Amino acid sequence: MSERDDDTGRELAGEPLREITTRGVIEIIPEDEFREALASGRKLRLKFGLDPSKPDLHIGHGVLLRKLRQFQELGHQVVLIIGDWTARIGDPSGQSATRPMLTAEDVRENAETYMRQFFHVVDRERTEVRWQSEWFDAFTLADVVRLAARFTVAQMLQREDFRTRFDAKKPLGVHELFYPLLQAYDSVAIDADVEFGGSDQLFNLLVGRELQTEVGQRPQSIFVMKLLVGTDGAQKMAKSMENTINFEDAPNEQYGKVMSLPDSALMEYLDLATDIPDEELDAIRSDLEAKSANPMDVKKRLASEIVAQFHGKPAAEEAAAEFQRVFQRHQTPQEMSEVSAADIKTYSVEQSEANAAPQYDLPHLLHDKGLVASVTEARRLIKQGAVQVIEGPGKGAVGGASAELGAGSVLKVGKHRFLRIVDSDA
RNA sequence: GGAGGGGUGGGCGAGUGGCUAAAACCGGCGGUCUGUAAAAUCGCUGCCCUGACGGGCUACGCAGGUUCGAAUCCUGCCCCCUCCA
């Protein structure tokens with residue numbers, strides 16, 4: 001869907017390259033410089049920085065990581081920078097709660113987790129891992145001042161979130177201004193040729209370019225990448241928005257989250273989160289517009305693609321089957337939490353009639369087994385008719401705070417919380 | 001250093017002594033309808049006891065105080081913002 005003339009790309013390396021430089025890419029700054037570098041045949045150093053304070057990678061990051069991977073396949077070198085310094089400073093982002101400084105130990109653990117996820121997508125063999133502490137540990141106050149002196153406050157306030165906070169009279173810590181500076185210095189330290197970032201990172205990326213120029217390095221090119229919307233279909237995917245699909249989510253969870261996407265986000269996900277070729281995407285798009293394809297089927301394809309990326313094809317097929325079973329046919333899932341018949345004895349309720357079926361206290365059972373956040377919530381849900389026994393002894397709607405249960409009973413709470421009572425000797 | 005404004009539930013934001021577990025809105029959860037999702041619609045949305053009625057306990061930056069009674073008044077402290085120097 002690029003307005004750009006495709007000829008340049010073709011001349012360089014043909015069709016695949018065109019897709020690499022356009023798919024998910026908003027802008028390459030400056031494009032001609034980048035194409036020159038690419039044409040030179042040099043092995044390019046692709047910078048990617050990570051902040052080890054929040055180790056959950058999600059498929060929004062995936063957009064960038066897959067781009068890195070594509071360049072690796074062309075023979076280029078990824079340089080992964082672990083921001084152990086920027087993470088230790090901590091980013092108060094907005095208001096309140098001065099985030100507790102991470103210890104060196106925390107940072108190391110987080111970095112491990114992060115890398116494990118990172119290399120799900122990016123090729124470890126063609127990645128050089130560098131820690132910020134390699135250069136920042138040696139920094140003196142004089143170095144810091146010299147670095148800071150290269151920029152003005154007005155320049156810093158060009159960054160949108162700084163400016164909005166400043167204009168809105170929200171707190172803006174002085175140390176936060178160092179964020180872009182430290183990150184920029186990373187580019188100098190590793191002699192980056194290209195840096196990738198979401199459109200929200202544009203400012204930081206440009207600072208790196210500027211600093212490199214100042215110290216006489218060839219300035220990096222910048223890939224500004226599109227941001228993926230979250231599962232709410234409205235806001236960008238971000239951990240703080242709780243709208244992420246994580247690399248390490250279980251297959252069923254990833255699949256379910258994709259299926260719960262609003263249809264309006266469908267094409268964007270296909271474009272940014274999968275490697276389905278452009279021509280095929282065009283076909284899907286026109287089928288959807290012509291209503292000759294059912295959005296649900298397209299979404300299932302998307303869900304399978306995504307699960308397969310992280311868990312493999314078989315897992316994707318299982319997740320698809322599970323989704324049909326539980327959500328489309330309203331059958332019982334294959335795996336769910338279980339509790340033994342002996343365990344629930346604790347919850348039995350006194351019966352007035354001696355030979356009545358055994359009754360069990362549901363609110364406490366559900367709470368103790370972690371299906372609900374509080375006993376009160378369980379009571380509410382029961383009152384709202386959200387709790388039922390869908391299999392085995394006591395099968396039927398649950399009206400009160402207790403119900404008949406036995407080995408083989410399956411409790412369902414809301415749409416996707418289940419609990420099975422199993423035989424005691426298991 | 002001075003003057004002023006402000007810190008309320010997941011978010012935003014009402015509330016100036018009892019009618020306030022705290023409005024409205026958003027978010028979240030649940031029911032119905034759909035039988036991907038969305039939309040629509042109805043309801044719930046601090047914790048604990050209770051079949052229910054009802055009761056108890058915490059909560060409005062922190063710590064004290066006044067009062068029969070405080071998110072609301074007083075004192076001290078912490079933090080944020082604005083203007084002046």
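Since the structure is predicted, the reported quantities are computational estimates derived from the model, not experimental observations. Every chain is numbered from 1 and lettered A, B, ... according to where its sequence line falls, protein lines coming before strand lines.
- B:U32 and B:A40 make up a base pair, with Watson-Crick or G-U wobble contacts both under 3.5 Å.
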Trace of the salt bridge (Lys or Arg N to Asp or Glu O under 4.0 Å) decision for A:Arg116 with A:Glu112: CA-CA 6 Å; A:Arg116 184 180 70 227; A:Glu112 290 295 320; over 6 Å; no

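- Scanning atom types as modelled, no donor and acceptor separated by under 3.5 angstrom connect the side chain of A:Asn294 and the base of B:U36.
- A:Glu210 and A:Gln155 form a side-chain donor-acceptor contact under 3.5 Å, judged by distance and modelled atom types alone.
- The nucleotide B:G46 finds its pairing partner in B:C57, both defining distances of the Watson-Crick or G-U wobble pair being shorter than 3.5 Å.
- A:Thr127 pairs in a side chain to side chain contact (heavy atoms under 4.5 Å, CB included) with only one of the listed residues (A:Leu80, A:Leu46, A:Leu68), which is A:Leu80.
- Under the Watson-Crick or G-U wobble criterion, with both distances below 3.5 Å, B:G69 is left unpaired in every strand shown.
- One finds a salt bridge joining A:Glu280 and A:Arg301 here, because a Lys/Arg side-chain nitrogen approaches an Asp/Glu carboxylate oxygen to under 4.0 Å.
- Nucleic acid contact class of A:Gln328 (heavy atoms, under 4.0 Å, all strands): sugar-phosphate only.
- Checking the phosphate oxygens (OP1, OP2) of B:G31, no side-chain nitrogen or oxygen of A:Arg380 falls inside 4.0 Å.
- Residue A:Arg417 has no polar side-chain atom (N or O) positioned under 4.0 Å from OP1 or OP2 of B:C29.
- Taking the six-membered ring for Trp and the full ring otherwise, A:Phe327 and A:Phe323 have centroids separated by under 6.0 Å.
- Listed pair A:Gln384 / B:C29 fails the phosphate criterion, with no side-chain N or O lying under 4.0 Å from OP1 or OP2.
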Contact state string [nucleotides 50-60 of chain B, B base, S sugar-phosphate only, - no protein heavy atom under 4.0 Å]: BS---------

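- Base-pair partner of B:U75: B:A63 (Watson-Crick or G-U wobble, both distances under 3.5 Å).
- With a cut-off of 3.5 Å on both pairing distances, B:A52 has no Watson-Crick or G-U wobble partner at all.
- Here A:Thr376 does not reach the OP1 or OP2 of B:G46: none of its side-chain N or O atoms lies under 4.0 Å away.
- Using P as the reference atom, B:A70 and B:G13 are 28 Å apart when rounded to the nearest Å.
- Looking only at atom types and distance, the side chain of A:Asp232 has a donor-acceptor partner in the side chain of A:Asn243 under 3.5 Å away.
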